[in-house]
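Everything below concerns the one structure shown next.
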Amino acid sequence: MPSDLPDAQTWSARDQILDRPVRAVVITGRSEARAAAAQDAARRAALVSDPRLLRVLDVGDHEGVAYVVTEPVVGKDLAQLTARGPLPADQARAVVGEAAAALEVARRRGVHHLALRPSALRVTSDGSVLVTGLAMDGELFGHPSGDAKTTSRADTVGLVALLYLALTGTWPEGAGAPGTGAVAGVLPGQGEDHAEARGDDAHGGASIAPSVGGVPVPPSELAPGVPGDLDTLCTVTLGPHDDGPHSPGELVRELEPWVQVDAKVVFGGIDTAGPADVLPGDLGEDAPARSSRAAAGAAAGPPPTIPPKGPPKVRRQSARASAASRPTRPGTPPSAAPVRAPATAPATPRPGPAQPQAARPAAHPQAVHPGAHPRTPAVLAPQGRGAPSRDEDFDVLLHQPTSPVRRQVNATPIVLGIVALLLVVGAVWAFRSLTAPAPPIGGEAGLGLTEPQPGDAEPAGEDEESPDAEAPAAEGEGDAGAPAASGPPVIAGAQMVDPPPGGDNNEHPELVDRAIDGDPTTSWITRTYASPTFGMKPGVGYAVTLAQPATVTSVRLQVNGLGGMVEIRATDPATPTEGPVLATGSLQPDTVFTLSEPTTTQHIVLWFTVLPQTPDGKNRVELLEVSVS
């Protein structure tokens, strides 16, 4: 296939593994170092993912021949697009702006083009912009990467030169101040031998722009109607003083905003589905004067072929893994589908350059390559950006929404509403947790210690109606031969007492057994209160249940603290404050309370109306042991 790459042949090929068309660049130069450098540059380019950059699919060697495999190259290059005249200024701005944005993505990964020329910038039939030859073309042309500042400036000047060509239809040959390198991408110190290696291919056969003192004339002198900002940008950047943007990102800010690339307008009279949309070839056959190297190759005949010897064995150093995905920039709308003109429609006239058209080379129809396949990009090129602020970082420019009308949603009220809702839900949950009754001792089935006994309800009612009848009843039970008289009372279980509405049955119910385990080093404790009189409820209690009804005469309490007030009753734990008080008093570390009279009962309730104070000054009950006799 025709190509302007030195020491390389370009072939249309087909990937036998993935069954798809590809473009193979076979490096034929005698310098192994140059071939290795080009392959290394292609590997670095494969690491840059952007839909506007030609993807590198594979890099390797076969029987000593170095090769690089890329996607097929489709569309028209800038030289073909300007062959009949300059592009409209808004489309020139958009095409070069998209290319600058793509090269800024590459620059941030440390990769530069260094061989920007008309054949390296293409527009496809769907309006996508495609930059070919990232990094690799620079090595093949003998332009290895220098320092970051110099290489970034070289790519920026090359982009402005492409903008000059798009605006005027002429190529600013030799532009650039000393120290900046030529427009074509020659870096400082590389000399004229590198520039001559490009030949006519550097400008793809485009006419050379007139210059004054080695500086191209302003675009407005060649094409009336060039916007003032673009005219100034080209004049300053291609001038002798190293002015203008110094990186593709700065150039993007100079060009923003731009419209969407319109393939119908850009292609003009060229048939968008015609011969140029074929498998690769950086140049078409319609411009034989573009490449003296291609003409020499044609005269010498086709390149020699190697007879097949069974299935070829290729040692691949694949770059697919590092370049397999090409994500679309967030918020990027798809490009508008171009409206194809009828085959008989006349070509859209464009304003031509100031120089006579007779001086321009005649265009010839291109031959269609057999088996050509149009390129359908997986991701459409981003188009139509909004104007950014001068102080905006380029990261914002790459990822900002591309809708002409930006709609910003103030998320602050939404976030505050969610936080307020969570606070309300948390407060309700906390209140319900604090006021929920504690689970019964022993689980849902309980131990049967707090269930009312068959004869307990009636004595309780009788006590309420006539408290004075309790003593005769007890005596009567004793006369009848109650089982308690046969032995001392035995504690079978215990529970804390904290009834609502003041209480919540949550005074450490999990610790109640520690006060009846016979170990004074363990204890049942209440919650700690700010006031010894609680302040929000009448008191808390601790109830013991005997194994069977027995006669109780005294109760011994061992606590960790002093003071407070306790009332002892023989009543059901469900009614801790009902019934006569059999004993009361303040607490000492070891206190024995003697009941006012021996009482036969199965329940003893300790009701604390005033909290004792622990040695560390806390208002709470720390009950070490309870015993009855």
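Closest approach of Ala263 to Ser125, counting heavy atoms only: CB-O, 3.4 Å. Nearest approach of Gly244 to Val236, heavy atoms of both residues: N-CG1, 3.6 Å. Nearest approach of Arg122 to Gly75, heavy atoms of both residues: NH2-O, 2.8 Å. Closest approach of Val131 and Ala99 over heavy atoms only: CG2-CB, 3.8 Å. When all heavy atoms of Ala206 and Leu165 are compared, the closest pair comes out as CB-CD1, 3.9 Å. Pairing each heavy atom of Pro248 with each of Leu159, the nearest pair is CB-CD1, 4.2 Å.
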Inset, instruction - Starting from the C-alpha separation in whole Å, work towards a yes-or-no answer on side-chain contact (heavy atoms from CB on, under 4.5 Å) for Val95 and Leu162. - result: CA-CA 10 Å; Val95 171; Leu162 294 173; over 6 Å; no
Inset, instruction - For the pair Val69 and Asp15, evaluate side-chain contact (heavy atoms from CB on, under 4.5 Å) and give the outcome as yes or no after the intermediate values. - result: CA-CA 9 Å; Val69 180; Asp15 190 322; 5.8 Å; no
Legend entry - Criterion side-chain contact (heavy atoms from CB on, under 4.5 Å) on Tyr67 and Val59, from CA distance to verdict: CA-CA 6 Å; Tyr67 66 86; Val59 179; over 6 Å; no
Inset, instruction - Please test Val215 against Leu238 for side-chain contact (heavy atoms from CB on, under 4.5 Å), starting from the C-alpha separation and ending with a verdict. - result: CA-CA 7 Å; Val215 178; Leu238 303 180; 5.7 Å; no
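To the nearest 0.5 Å, atom CE of residue Met136 and atom CG of residue Asp40 are 12.5 Å apart. Taken to the nearest 0.5 Å, the OG1 atom of Thr237 stands 6.0 Å off from the CZ atom of Arg153. From Leu5, atom CG reaches atom CG of Leu140 across 5.5 Å, with rounding to the nearest 0.5 Å. Atom CG in Leu163 sits 11.0 Å away from atom CD in Glu254 (nearest 0.5 Å). Of the inter-residue distances, the one linking Leu121 atom CG with Leu116 atom CG reads 8.5 Å to the nearest 0.5 angstrom.
Taking 4.5 Å as the limit, some side-chain heavy atom of Val261 sits within range of a side-chain heavy atom of Val123. In this structure, the side chains of Leu114 and Asp137 stay at 4.5 Å or more apart for every pair of heavy atoms. Side-chain contact between Thr10 and Arg23: present, with at least one pair of heavy atoms (C-beta onward) separated by less than 4.5 Å. For the pair Asp58 and Val68, the minimum side-chain heavy-atom distance is 4.5 Å or more. The side-chain heavy atoms of Leu47 and Arg109, taken from C-beta on, include a pair separated by under 4.5 Å. Residues Leu251 and Leu233 have side chains in contact (heavy-atom distance under 4.5 Å, counting atoms from C-beta outward). Under the 4.5 Å side-chain criterion, counting only non-hydrogen atoms from C-beta, Leu222 is in contact with Tyr164. You'll find the side chain of Leu103 reaches within 4.5 Å of the side chain of Leu134, heavy atoms only.
With hydrogens and angles ignored, the 3.5 Å screen pairs no side-chain donor or acceptor of Gln91 with any backbone N or O of Val266. Judged purely by atom type and a 3.5 angstrom limit, Gln80 uses its side chain to pair as donor or acceptor with the backbone of Asp77. Asp61 places no side-chain N or O within 3.5 Å of a backbone atom of Gly64 that could act as its donor or acceptor partner. Proximity of a side-chain donor or acceptor of Glu71 to a complementary backbone N or O of Leu57 within less than 3.5 Å is not detected. In this structure, Arg44 contributes its side chain and Val111 its backbone to no donor-acceptor pair below 3.5 Å. Side-chain N or O atoms of His112 include none that pairs as donor or acceptor with a backbone N or O of Pro144 at under 3.5 Å. Side-chain atoms of Asp7 do not come within 3.5 Å of backbone N or O of Thr28 as any donor-acceptor pair. Of the possible polar contacts, one joining the Thr151 side chain to the Ala148 backbone as a donor-acceptor pair under 3.5 Å is found.
The pair Arg93-Asp229 meets the salt-bridge criterion, with a side-chain N (NZ, NE, NH1 or NH2) lying under 4.0 Å from an Asp/Glu carboxylate O. Checked for salt-bridge contact, Asp4 and Arg117 meet the test: a charged N lies under 4.0 Å from a carboxylate O. For Glu104 and Arg107, the salt-bridge test passes: some basic side-chain N is under 4.0 Å from an acidic carboxylate O. Salt bridge Arg52/Asp50: present, at least one basic N to carboxylate O contact under 4.0 Å.
Asp243 meets the salt bridge (charged side-chain N to carboxylate O under 4.0 Å, His left out) test with no other residue; sequence neighbours excluded. Taking the side-chain contact (heavy atoms from CB on, under 4.5 Å) definition, one finds that Val226 meets it with Leu167, Pro219, Ala223, Leu230, Asp231, sequence neighbours left out.
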